[in-house]
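Everything below concerns the one structure shown next.
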Amino acid sequence: MLQIHNTLTRRKEAFVPIDPENVRMYVCGMTVYDYCHLGHARVLVVFDVVARHLRRVFGAEHVTYVRNVTDIDDKIIQRANEHHEPIDRLTGRFIEAMHEDAAALGVLPPDEEPRATRHMDEIIAMIRTLVEKAYAYVADNGDVYYDVSRFEHYGELSGKRLEDLRAGARVEVDAAKQDPLDFVLWKAAKPDEPSWNSPWGPGRPGWHIECSAMSTSCLGAHFDIHGGGLDLQFPHHENEIAQSEAATGEKFVNVWMHNGFVRIDEEKMSKSLGNFFTIREVLERYDPEVVRFFILNSHYRSPLNYSDQHMDEARAALTRLYTALRGLELPPEAASGEHEARFVAAMDDDFNTPEAIAVLFELAREINRLRESEPAEAARLGAAMQRLGGEIGLLESDPEYYLKGRAPKRITATFTAGVESLGHVARSADINFESLSDTNSFAETSISGSGLTEEEIEDLIEKRAQARMNKDWAESDRIRDLLAAQGILLEDSPQGTTWRRK
RNA sequence: GGCUGAGUGGCAGAGUGGCUAUGCAGCGGACUGCAAAUCCGUGUACCUCGGUUCGACUCCGGGCUCAGCCUCCA
């Protein structure tokens with residue numbers, strides 16, 4: 001039985017869909033005026049895993065996952081002005097970049113990805129309804145505001161009371177508002193600002209209304225799960241509830257899910273603090289699957305502390321899993337049984353990915369233990385491990401490809417490799433990583449880290465094998481050290497020598 | 001000031017009213033020409049003070065510390 005922690009009740013609850021034939025989830029995606037940072041990566045990966053598990057539980061065809069794009073707001077306008085660039089080109093660029101980042105992280109596309117600017121009719125219609133029902137008012141300056149005092153459940157999601165909020169010193173006082181807590185639904189356009197026509201004159205939507213309009217439009221007035229980062233709990237999601245429930249007269253969402261923050265040095269990573277890393281920066285240095293592993297190795301509601309040390313540990317851990325998989329002839333049918341039951345139970349328990357990953361490590365040990373004595377059983381367990389890993393978007397690559405070092409894009413000056421030595425371009429090619437679709441540039445980045453081609457590495461290994469046959473340990477060690485200096489680790493076994501990148 | 005959430009072994013990170021999480025690092029052993037990888041063994045972990053209980057890291061209460069929200073932010 002799937003249990004999900006509901007922010008609304010602050011408890012884990014059994015998840016009972018409104019309609020098991022169509023389980024509906026809406027997640028607040030990006031406001032696209034810049035590259036995605038690690039916080040966005042966390043949302044993308046966490047809710048990707050939620051969607052995958054819902055599909056497992058209810059059937060792929062019975063789940064609708066909507067993740068929106070907010071492509072009009074003050075910061076977008078500001079950024080476009082700074083760049084002297086039309087808004088839709090700016091947002092188009094960053095949407096494309098977001099898709100690249102998501103794909104690299106193994107995030108499957110949502111079923112729908114609505115954009116605010118393409119739902120202007122629904123947005124205006126909802127505001128009109130709110131005005132008609134007197135939940136909203138037109139101010140002297142032409143803006144339309146939501147009247148917070150009219151909505152009796154205001155503050156329920158975030159556990160706040162209106163009096164407390166008003167007492168908070170940081171509420172900005174705006175002469176046009178009747179109450180400082182009222183928030184804007186429609187902003188009258190100033191000169192030279194992009195605008196849409198509306199019953200209240202040309203303008204653009206305020207921040208929160210687009211999500212109410214898009215979610216309702218895509219999923220109906222009442223749906224199952226609404227997710228996003230913890231920082232959206234207030235005011236964004238609180239305001240969404242106020243808007244939607246006032247407009248439709250129905251309960252908006254049954255289960256609210258919020259993922260925890262990414263931190264740097266025990267401090268929230270955020271744009272205003274300037275202490276953030278973009279996904280692309282991190283992918284310069286770490287394999288995308290390592291990033292995904294790192295994210296999933298903590299529970300989604302816990303804080304996630306980013307540091308090089310933690311990333312290195314994640315890489316070491318993932319390498320252990322792939323090492324177990326290496327060299328196995330995986331049968332089409334996977335062993336299941338106890339491991340699978342525990343994996344699924346962990347996922348059913350509020351998407352406990354660390355616990356699920358622990359099961360993968362237990363499989364790895366079992367595989368390593370049996371690999372000599374019972375190779376067939378080891379292979380069956382390997383298939384199980386890969387399949388279970390795949391349920392959370394891990395271990396889907398060829399182990400050789402992972403271990404021989406596809407990703408870290410350290411560019412070295414000594415790079416000389418030819419494209420033919422590349423071997424595998426699989427992961428990135430499979431997912432249409434468009435910015436890297438130029439094979440040559442991907443070859444360069446993927447092979448770098450050492451200036452050696454796979455061919456050259458194999459040659460040196462062969463030379464070393466000769467030396468070892470002659471018991472010339474000095475020469476053997478010299479070659480091994482030489483390769484080690486290039487980041488290539490050798491592993492001898494009775495079956496021969498294999499290598500991997502450090 | 002109001003409201004959340006959290007404090008687990010060297011590090012990261014799950015979990016449970018009494019029984020090994022897991023990974024990384026360390027130590028001992030096996031294997032190896034030596035390594036690496038792997039396997040076996042190994043760590044008197046649960047912020048603090050009270051309470052409930054036969055028994056609490058796990059439940060309850062106080063305290064301390066940390067993080068977050070109350071302004072844009074995933």
Side-chain angles (χ1 to χ4, degrees), chain A residues 7 10 27-31 34 36-47 67 73-75 155 158-161 163-172 180-181 207 227-236 238 258-263 266-273 276 293-294 297-299 301-305 307 309-321 323-324 326 342 346 349 352-362 364-365 367-373 403 468 471-474 476-477 480-481 484 489-494 497-500 502:
Chain A
T7 307
R10 289 176 185 78
V27 170
C28 287
M30 293 352 127
T31 300
D34 208 339
C36 292
H37 60 231
L38 276 174
H40 299 117
R42 194 174 192 192
V43 180
L44 289 168
V45 169
V46 161
F47 287 100
R67 190 187 67 218
D73 93 320
D74 290 355
K75 279 194 239 92
S158 51
K160 296 182 189 308
R161 293 176 308 171
E163 312 87 83
D164 294 341
L165 287 168
R166 291 199 183 98
R170 299 200 289 182
V171 180
E172 164 190 350
L181 295 176
W207 175 32
L230 190 57
D231 44 2
L232 296 183
Q233 185 186 356
F234 187 90
H236 185 58
E238 197 71 71
H258 293 98
N259 65 271
F261 294 123
V262 176
R263 293 189 194 170
E266 303 299 331
E267 193 178 47
K268 177 187 172 184
M269 187 178 85
S270 77
K271 290 184 179 174
S272 48
L273 292 170
F276 64 90
F293 180 94
F294 169 67
N297 203 32
S298 295
H299 187 82
R301 286 190 279 114
S302 303
L304 180 64
N305 242 317
S307 73
Q309 187 204 330
H310 297 158
M311 290 301 291
D312 290 344
E313 285 176 9
R315 176 165 56 197
L318 186 60
T319 296
R320 176 172 163 80
L321 294 179
T323 301
R326 190 176 214 183
R342 287 176 46 216
D349 182 12
N352 192 336
T353 51
E355 185 85 27
I357 286 173
V359 175
L360 299 181
F361 281 104
E362 285 166 32
R365 173 180 291 119
I367 289 164
N368 289 331
R369 214 182 258 152
L370 297 176
R371 105 182 287 133
E372 295 298 320
S373 57
L403 292 168
R468 293 182 74 213
K471 296 203 187 311
D472 183 353
W473 308 127
S476 165
D477 291 349
R480 187 168 62 196
D481 292 346
L489 298 183
L490 300 188
E491 288 165 4
D492 296 330
S493 81
T497 300
T498 56
W499 62 274
R500 64 186 169 95
K502 196 179 169 195

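Naming convention: chains lettered A, B, ... in sequence-line order (proteins, then strands); numbering from 1 in each chain. The structure displayed is predicted, hence computed values, not measured ones.
A distance of about 14 Å separates the P atoms of B/C47 and B/A12, rounded to the whole Å. Taking the P atoms as reference points, B/G7 lies 13 Å from B/U16, given to the whole Å. The C1' atoms of B/C39 and B/C73 are separated by 49 Å, rounded to the nearest whole Å. Spacing of C1' atoms, B/U20 relative to B/U44, comes out at 15 Å, to the nearest Å. Look at the P atom in both B/U42 and B/C34: the space between them is 26 Å, to the nearest Å. Going from the P atom of B/C27 to that of B/A36 covers 11 Å, rounded to whole Å. B/A6 and B/G41 have their C1' atoms separated by 35 Å, with the value rounded to a whole Å. Rounded to the nearest Å, the gap between the P atom of B/A14 and that of B/G9 is 13 Å.
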Take A/H236 and A/D231, measure what side-chain contact (heavy atoms from CB on, under 4.5 Å) needs, and give me the verdict at the end.
-> CA-CA 8 Å; A/H236 185 58; A/D231 44 2; over 6 Å; no
A/R67 and A/F47: side-chain contact (heavy atoms from CB on, under 4.5 Å), yes or no, with the steps?
-> CA-CA 9 Å; A/R67 190 187 67 218; A/F47 287 100; over 6 Å; no
Verdict with supporting geometry, A/L403 and A/W499, side-chain contact (heavy atoms from CB on, under 4.5 Å) = CA-CA 8 Å; A/L403 292 168; A/W499 62 274; over 6 Å; no
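Distance A/M311 CE to B/C24 C1': 14 Å, rounded to the nearest Å. Going from atom CG of A/L489 over to atom P of B/A37 covers 8 Å, rounded to whole Å. Atom P of nucleotide B/A12 and atom CD of A/E313 are separated by 8 Å, given to the nearest angstrom. Computed from coordinates, the A/L165 CG to B/G1 C1' distance equals 13 Å when rounded to whole Å. Put simply, CG on A/L360 is 14 Å from P on B/U22, counting in whole angstrom units. Between the CZ atom of A/R468 and the P atom of B/A36 there is a distance of 14 Å, rounded to whole Å. For the pair A/D492 CG and B/U38 C1', the interatomic distance rounds to 13 Å; values are reported in whole Å. Here B/C73 presents its P atom at 19 Å from CD of A/E267, a figure rounded to the nearest Å.
For B/G68, neither phosphate oxygen OP1 nor OP2 lies less than 4.0 angstrom from any side-chain nitrogen or oxygen of A/R301. Note on A/K268: every side-chain N or O is 4.0 Å or more away from OP1 and OP2 of B/A74. For B/C66, neither phosphate oxygen OP1 nor OP2 lies less than 4.0 angstrom from any side-chain nitrogen or oxygen of A/R263. In terms of phosphate contacts, A/N305 brings no side-chain nitrogen or oxygen within less than 4.0 Å of OP1 or OP2 of B/A12. Not one side-chain nitrogen or oxygen of A/R42 sits closer than 4.0 Å to the OP1 or OP2 atom of B/A74. In this model, the phosphate group of B/C40 is approached by a side-chain N or O of A/R365 to a distance below 4.0 Å at OP1 or OP2.
Side chain A/K160 to base B/C69: a donor-acceptor pair is found below 3.5 Å. Judged by atom type and distance alone, A/N352 does not reach the base of B/G15 through any side-chain donor-acceptor pair under 3.5 Å. For A/S476 against B/G33, a side-chain-to-base donor-acceptor contact under 3.5 Å is present. Donor-acceptor pairing under 3.5 Å, judged by distance alone, is present between the side chain of A/R480 and the base of B/C34. Side-chain atoms of A/R500 and base atoms of B/A37 include no donor and acceptor less than 3.5 Å apart.
Between B/U4, B/C69, B/A12, one nucleotide has an atom nearer to the side chain of A/H310 than all others, and that is B/A12. Minimum atom distance to the side chain of A/K75 is reached by B/C72, of the listed B/C72, B/G13, B/C70. Looking at the side chain of A/A358, the nearest of the listed nucleotides B/C39, B/A21, B/C70 is B/A21.
Base contact: A/G260 has a heavy atom under 4.0 Å from a base atom. Note on A/D312: nothing from the nucleic acid sits closer than 4.0 angstrom, heavy atoms only. Residue-level contact check: A/E491 touches the bases, meaning some heavy atom is under 4.0 Å from a base atom. Contact annotation for A/T323: backbone-only contact, meaning every heavy-atom pair under 4.0 Å involves sugar-phosphate atoms and none involves a base. At the heavy-atom level, A/H37 lies under 4.0 Å from base atoms of the strands shown. Using a 4.0 Å heavy-atom criterion, one finds that A/N297 contacts the sugar-phosphate atoms exclusively. Contacts of A/R369 with the nucleic acid, taken as non-hydrogen atoms under 4.0 Å apart, involve only primed sugar atoms and P, OP1 or OP2. At the heavy-atom level, A/V27 lies nowhere under 4.0 Å from the strands shown.
Closest-nucleotide positions on RNA chain B for A/Q309 and A/F361 were compared, and the one nearer the 5' end corresponds to A/Q309. The nearest heavy atom of RNA chain B to A/E355 and to A/P235 marks one nucleotide each, and the one closer to the 5' end goes with A/E355.
Base pairing of B/C34 is not made with any nucleotide, judged by Watson-Crick or G-U wobble geometry with both donor-acceptor distances under 3.5 Å. Base pairing of B/C39: its partner is B/G29, meeting the Watson-Crick or G-U wobble criterion (both donor-acceptor distances under 3.5 Å). B/U71 is unpaired under the criterion used here, namely a Watson-Crick or G-U wobble arrangement in which both key atom distances are under 3.5 Å. Under the Watson-Crick or G-U wobble criterion, with both distances below 3.5 Å, B/G23 is paired with B/C11. Under the Watson-Crick and G-U wobble criteria, each requiring two contacts below 3.5 Å, nucleotide B/U52 is left unpaired. Applying the Watson-Crick and G-U wobble criteria (two distances, each under 3.5 Å), B/G5 pairs with B/C66.
Summarising the geometry of A/F234 relative to A/S158, their closest heavy-atom pair is CD1-OG, 3.2 Å, with the distance given to 0.1 Å. Listed here is the closest heavy atom pair of A/H258 and A/G229: CD2-O, 3.4 Å.
The residues A/D34 and A/K75 are annotated as not salt-bridged, no charged nitrogen and carboxylate oxygen being separated by less than 4.0 angstrom. Ion pairing of A/E362 with A/R365 is absent here, as no side-chain N (NZ or NE/NH1/NH2) approaches a carboxylate O to less than 4.0 Å. Using a 4.0 Å cut-off between a side-chain N of Lys or Arg and a carboxylate O of Asp or Glu, A/E238 and A/K160 do not qualify as a salt bridge.
Between A/R42 and the choices A/V45, A/L38, A/V46, A/L44, the side chain to side chain contact (heavy atoms under 4.5 Å, CB included) rule is met once, by A/V46.
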